[in-house]
Protein chains: 2
Amino acid sequence: MCTHLEAKDTLEIECSIEKALSVLGGKWTFLIIRDLFCGKRRFGELRRSLCGISPKTLSLRLKELETKGIIERTAYPTIPPTVEYALTEKGKSLKKIIKEMKLWGANWG
Amino acid sequence: MCTHLEAKDTLEIECSIEKALSVLGGKWTFLIIRDLFCGKRRFGELRRSLCGISPKTLSLRLKELETKGIIERTAYPTIPPTVEYALTEKGKSLKKIIKEMKLWGANWG
DNA sequence: CCGGATCCCAGTTGATACTG
DNA sequence: CAGTATCAACTGGGATCCGG
């Protein structure tokens, strides 16, 4: 039996996967989160690590993730500016998904 | 310690997550696979289930997934034509990822 | 000098009509 | 029914610019 929609099978209710994708679906999102599982990261560190991302897209994704409560932004009023990004508890709860993707990629990719 | 790159830490080697994303990263991909976990589906069934996808994009994603060995296409020479899409073993191996995403979406989405 | 913001361009996706 | 063709809308890439 198909169970896209858990509670009420109406078109207005999104299934859980759609909810997860509304947070994780953007391009680069998984890779940003993967990086942050290694610890706090600065804007420039992320940019270099995510080889190929444009600053515009990185900025956009970070804002989205912050809005959705997945990451936390901390700015220090230094010169030059220092900004750190870190996972929140909600962000850390994505660990199992990341782990399963990593396992799959290692075995089948 | 960070382990993006499992074996050799050179820029040429993609990490496992990137490999998984190269298969799963396209828009709608997860949702198509989710649908196929419920069993074989025809083109029109997928189109109606994935509320909002255009036939062009659906066609594109299905071809990609077929090329990558995730799904299998079977066409019957009937009039009107009948085409069925189903997960391969490699496709079914994505189950844990889908399951974790579903759990996360249910708890945090 | 770092963290972005802006502008313009290319590639993707969406909407819709149409065909074998 | 299962797609393809066409065009419009959006998203991301790349370079540049700027305030602190």
Side-chain angles (χ1 to χ4, degrees), chain A residues 11 14 17-18 20-36 38-68 70-87, chain B residues 11 14 17-18 20-36 38-68 70-87:
Chain A
L11 289 174
E14 311 182 285
I17 302 223
E18 284 168 288
L21 285 175
S22 72
V23 175
L24 302 169
K27 193 171 174 184
W28 296 103
T29 306
F30 275 105
L31 297 177
I32 293 170
I33 293 170
R34 171 206 65 183
D35 268 30
L36 293 177
C38 303
K40 294 177 186 177
R41 287 288 180 272
R42 296 179 58 179
F43 190 91
E45 290 177 318
L46 288 170
R47 194 203 316 205
R48 281 185 297 279
S49 174
L50 303 167
C51 194
I53 196 171
S54 70
K56 171 178 151 186
T57 305
L58 178 54
S59 174
L60 195 64
R61 285 290 104 79
L62 290 170
K63 274 180 198 160
E64 287 174 10
L65 289 172
E66 192 188 358
T67 301
K68 290 169 182 167
I70 305 295
I71 66 175
E72 193 173 34
R73 189 188 112 114
T74 312
Y76 301 95
T78 53
I79 295 177
T82 303
V83 180
E84 285 180 343
Y85 294 92
L87 292 175
Chain B
L11 288 175
E14 314 182 282
I17 303 225
E18 285 168 287
L21 285 175
S22 73
V23 175
L24 301 169
K27 194 170 175 186
W28 296 103
T29 306
F30 275 106
L31 297 177
I32 292 170
I33 293 170
R34 170 207 65 185
D35 268 31
L36 292 178
C38 302
K40 292 178 186 176
R41 288 287 181 273
R42 297 177 60 177
F43 190 91
E45 290 177 318
L46 287 170
R47 197 215 299 219
R48 280 186 297 278
S49 174
L50 302 167
C51 194
I53 197 173
S54 71
K56 174 177 148 188
T57 306
L58 178 54
S59 174
L60 196 63
R61 285 292 101 78
L62 290 170
K63 276 178 196 160
E64 286 173 12
L65 289 172
E66 192 189 358
T67 300
K68 290 168 182 165
I70 306 294
I71 66 175
E72 192 174 34
R73 190 188 111 115
T74 312
Y76 300 95
T78 54
I79 295 178
T82 302
V83 179
E84 285 180 343
Y85 294 92
L87 292 175

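Each chain gets a letter, A, B and so on, in the order its sequence line appears, and its residues count up from 1. Everything numeric in this text was worked out from a predicted model, so none of it was measured.
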* Asked: Salt bridge between A:E64 and A:R61, side-chain N to carboxylate O under 4.0 Å?
  -> yes

* A:R42 side chain N/O closer than 4.0 Å to the phosphate oxygens (OP1, OP2) of C:dG3? -> yes

* Asked: How is B:G26 classified with respect to the nucleic acid when contacts are heavy atoms under 4.0 Å: base, sugar-phosphate, or nothing?
  -> nothing

* Would you please confirm or rule out a distance under 4.0 Å between OP1 or OP2 of C:dG14 and any side-chain N or O of B:T57? => yes

* **side-chain N/O B:S54 vs C:dA15 OP1/OP2, d < 4.0 Å** => no

* Between atom CD1 in B:I32 and atom P in C:dT13, what is the gap in whole Å? -> 11 Å

* How many angstroms lie between atom CD of A:E84 and atom CG of A:L36, to the nearest 0.5 angstrom? -> 11.0 Å

* Protein-nucleotide distance (B:L62, atom CG; D:dA2, atom P), rounded to Å -> 11 Å

* To do: Would you indicate what A:S59 reaches in the nucleic acid, counting non-hydrogen atoms under 4.0 angstrom: base, sugar-phosphate, or nothing?
  => sugar-phosphate

* **A:R47 CZ - C:dA5 C1' separation (whole Å)** => 12 Å

* Could you tell me the separation between the CD atom of B:E84 and the C1' atom of D:dG3, rounded to a whole number of Å? => 16 Å

* **Stepwise side-chain contact (heavy atoms from CB on, under 4.5 Å) check, B:L46 with B:L62** => CA-CA 10 Å; B:L46 287 170; B:L62 290 170; 4.0 Å; yes

* Could you tell me whether the side chain of B:S59 and the main chain of B:P55 form a donor-acceptor pair under 3.5 Å? => no

* Name the residue closer to the 5' end of DNA chain D, choosing between A:I79 and A:L58 according to the nucleotide with the nearest heavy atom. => A:L58

* Rounded to whole angstroms, how far apart are CH2 on B:W28 and C1' on D:dT11? -> 16 Å

* To do: Taking only the side-chain nitrogens and oxygens of A:K63, find out if one of them lies under 4.0 Å from OP1 or OP2 of C:dA5.
  => yes

* Could you tell me whether B:K40 and B:E45 have a side-chain N and a carboxylate O separated by less than 4.0 Å? => no

* Structure fact -> Of the listed D:dG13, D:dG3, D:dG19, the closest approach to the B:F43 side chain comes from D:dG3

* To do: Could you tell me whether B:P80 contacts a base, only the sugar-phosphate backbone, or nothing, with contacts defined as non-hydrogen atoms closer than 4.0 Å?
  => sugar-phosphate

* To do: Could you tell me whether the phosphate oxygens of D:dT11, OP1 or OP2, come under 4.0 Å of any side-chain nitrogen or oxygen in A:R61?
  => no

* Asked: With a 4.0 Å cut-off on heavy atoms, is B:K56 in touch with a base, just the backbone sugar-phosphate, or nothing at all?
  -> base

* Nearest-angstrom distance from the residue atom CZ of A:R41 to C1' of C:dC2 -> 17 Å

* Value in whole Å for how far the C1' atom of C:dG3 lies from CG of A:L46 -> 12 Å

* Would you indicate what B:Y85 reaches in the nucleic acid, counting non-hydrogen atoms under 4.0 angstrom: base, sugar-phosphate, or nothing? => sugar-phosphate

* **Distance, rounded to the nearest Å, where A:L50 contributes CG and C:dG3 contributes P** => 14 Å

